[in-house]
Amino acid sequence: MSTAGERDRVLSGMRPTGRLHLGHYHGVLKNWARLQNEYDSFFFVADWHALTTHYEDPEIMAANVWDMVIDWLAAGIDPDRATLFIQSRIPQHAELHLLLSMVTPLGWLERVPSFKDQQQRLKDRNLATYGFLGYPLLQSADILMYRASWVPVGEDQVPHVELTREIARRFNHIFGKDAEFEEKAEQAVTQLGKQAARSFRAARQSWLQNGDETARQGARELLEAGRNLGAEEKERLLGYLEGGGRTILTEPEALLTRDSKLSGLDGQKMSKSYNNTINMRDDPDRVAGAIRTMPTDPARKRRNDPGDPDKCPVWDLHQIYTEDTVREQLAAGCRSAGIGCLDCKRPLIDAVMEEQVALHERARPYEEDPGQVRAIIDEGCARAEAVAAETLREVRDVVGTVYS
Ligand code: TRP
Ligand code: SF4
């Protein structure tokens, strides 16, 4: 919960598994650059997360970390507004992950969809590891460490944020009980009146033991209806019901980033694994050449064949790069075979090149002076560490590992 004058915190991470491409730029990074103006933003390099899947190629991290940060800076992420850091530089992430693991039921991790999905998809890697099972829990530690209210992520990551909420609630329930919490809660239950108290207890048990959603809803309604309950007692009973407690860790919410379904150079979705990307700082000549040979509507075999922009991967790129009025003309020209595909691609190539020039320009000072990037990360790590240390102070205290 933020107090007046304090901005809500946003946190997100990215794994350094390869060069960033225009899909990252238009999908993720432009969004981050917007968010940094409104929120206290923490963005970090999730190198330990990369290691969970790529532990057999440890060299990829060193190869990608600095270039990734330069790509962020080139995209307009501003180190004066956002805190940029590297996960493994903040060892508290490992400690919090470990402590959270104590109260995480195995089933919760095994049920996260990405666990089985990725094992299926990345068959050439052995992902039947402890580290990979813990991937979403490490992510929970990342998020809970900074008390982030919002986590901008794509659809595939939403279950990880959901898990984080469950973990926070469970942690708060187990470690956030003050001594008389249960006693006071039971006291409050009796204030519901005999009948309602009995129903509430039964519903609560049914929810906590069997996960019966209807029972949880029923119990909530009983609380709403309880006219003798003050606000504080209601709050307490809600915590008693939901398994919450004093808020030690803050429940975050996902801030869904729309998937930029940018087409790659072969017409499939742009993705490193299809080897069809235009990278953020690509070689301009390569980009122009690659767009020129990009596949178009297969119906346009010859210049005189009319086409349908909706069946053309190049058209997806036009949605991002071309103004409505120009796009209307191009669509008409395509449908009537009034223009050829190269005519259609020319303004696109110009726009992508112009963007590349801007990206290269913003990256140049950092490429020429890598020390600047190191300094930005050093400063970001120091800021992150201060928050992390504060969280761990409290967490160690409640889990009992403080000795004096
Ligand atoms: N798992 C995320 C991804 O693959 C990366 C990530 C790690 C992350 N920790 C995070 C994202 C915390 C948001 C918040 O994209
Ligand atoms: Fe695609 Fe443009 Fe060719 Fe039509 S004219 S098929 S939209 S490249």
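Position 1 is the first residue of the sequence; numbering continues from there. Order of listing sets the numbers, starting from 1, for every ligand and every atom in it.
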Subject >> Distance from atom 8 (S) of ligand 2 to nearest protein heavy atom, with residue and atom >> reply: Thr296 CG2, 3.5 Å
**OP:** Could you confirm whether Cys334 has any N/O/S atom lying under 2.8 Å from atom 4 (Fe) of ligand 2?
**Re:** yes
Original post:
So which bit of Ile143 gets within less than 4.0 Å of ligand 1, heavy atoms only: side chain, backbone, both or neither?
Top reply: side chain
Subject >> ligand 1 atoms in contact with Val151 (distance to a heavy atom under 4.0 Å) >> reply: 13 (C), 14 (C)
Original post:
Looking at atom 1 (Fe) of ligand 2, what's its closest protein heavy atom, distance included?
Top reply: Cys312 SG, 2.3 Å
Original post:
Touching ligand 2 at all, Gly307? Heavy atoms, strictly under 4.0 Å?
Top reply: no
Original post:
How far is atom 5 (S) of ligand 2 from its nearest protein heavy atom, and which residue and atom name does that atom have?
Top reply: Arg300 NH1, 3.1 Å
**OP:** Run the numbers for me: atoms of ligand 1, each under 4.0 Å from some heavy atom of Ala46, listed by number.
**Re:** 7 (C)
Original post:
Is there side-chain contact between Leu22 and Glu355, with heavy atoms separated by less than 4.5 Å?
Top reply: yes
Subject >> atom 2 (Fe) of ligand 2: the protein heavy-atom neighbour that sits closest, reported with distance to 0.1 Å >> reply: Cys344 SG, 2.3 Å
Subject >> Residue, atom name and distance, where the atom is the protein heavy atom closest to atom 9 (N) of ligand 1 >> reply: Asp142 OD2, 2.7 Å
**OP:** Could you tell me the residue and atom name of the protein heavy atom closest to atom 3 (Fe) of ligand 2, and the distance to it rounded to 0.1 Å?
**Re:** Cys341 SG, 2.3 Å
**OP:** Kindly assign one of parallel, tilted or perpendicular to the pair His26 and Tyr321, based on the angle between their ring planes and the thresholds 30° and 60°.
**Re:** perpendicular
Original post:
For ligand 1, which atoms have a heavy atom of Arg15 less than 4.0 angstrom away?
Top reply: 4 (O)
Original post:
What protein heavy atom sits nearest atom 5 (C) of ligand 1, and how far away is it?
Top reply: Gly13 O, 3.5 Å
Subject >> Atoms in ligand 1 with a heavy atom of His49 nearer than 4.0 Å >> reply: 7 (C), 9 (N)
Original post:
For the side chain of Asp297 and the backbone of Asp308, is there at least one donor-acceptor N/O pair under 3.5 Å apart?
Top reply: yes
Original post:
Parallel, tilted or perpendicular: which describes the rings of His93 and Phe85, with under 30° parallel and over 60° perpendicular?
Top reply: tilted
**OP:** Provide, to 0.1 Å, the distance between atom 10 (C) of ligand 1 and the closest protein heavy atom, together with that atom's residue and name.
**Re:** Gln139 CG, 3.5 Å
Original post:
Should you measure from each heavy atom of Tyr135, which atoms of ligand 1 turn up under 4.0 Å away?
Top reply: 1 (N), 2 (C), 3 (C), 4 (O)
Original post:
To which protein heavy atom is atom 2 (C) of ligand 1 closest, and what is the distance rounded to 0.1 Å?
Top reply: Gln157 OE1, 3.2 Å
Original post:
Hey, is the main chain of Ile60 close enough, under 3.5 Å, to the side chain of Asp57 for a donor-acceptor pair?
Top reply: no
Subject >> Arg220 and Glu242, any side-chain heavy atoms less than 4.5 Å apart >> reply: yes
Original post:
Going by heavy atoms in the side chains, are Ser263 and Met270 under 4.5 Å from each other?
Top reply: no
Original post:
Numbering the atoms of ligand 1 from 1, which are under 4.0 Å from a heavy atom of Leu11?
Top reply: 12 (C), 14 (C)
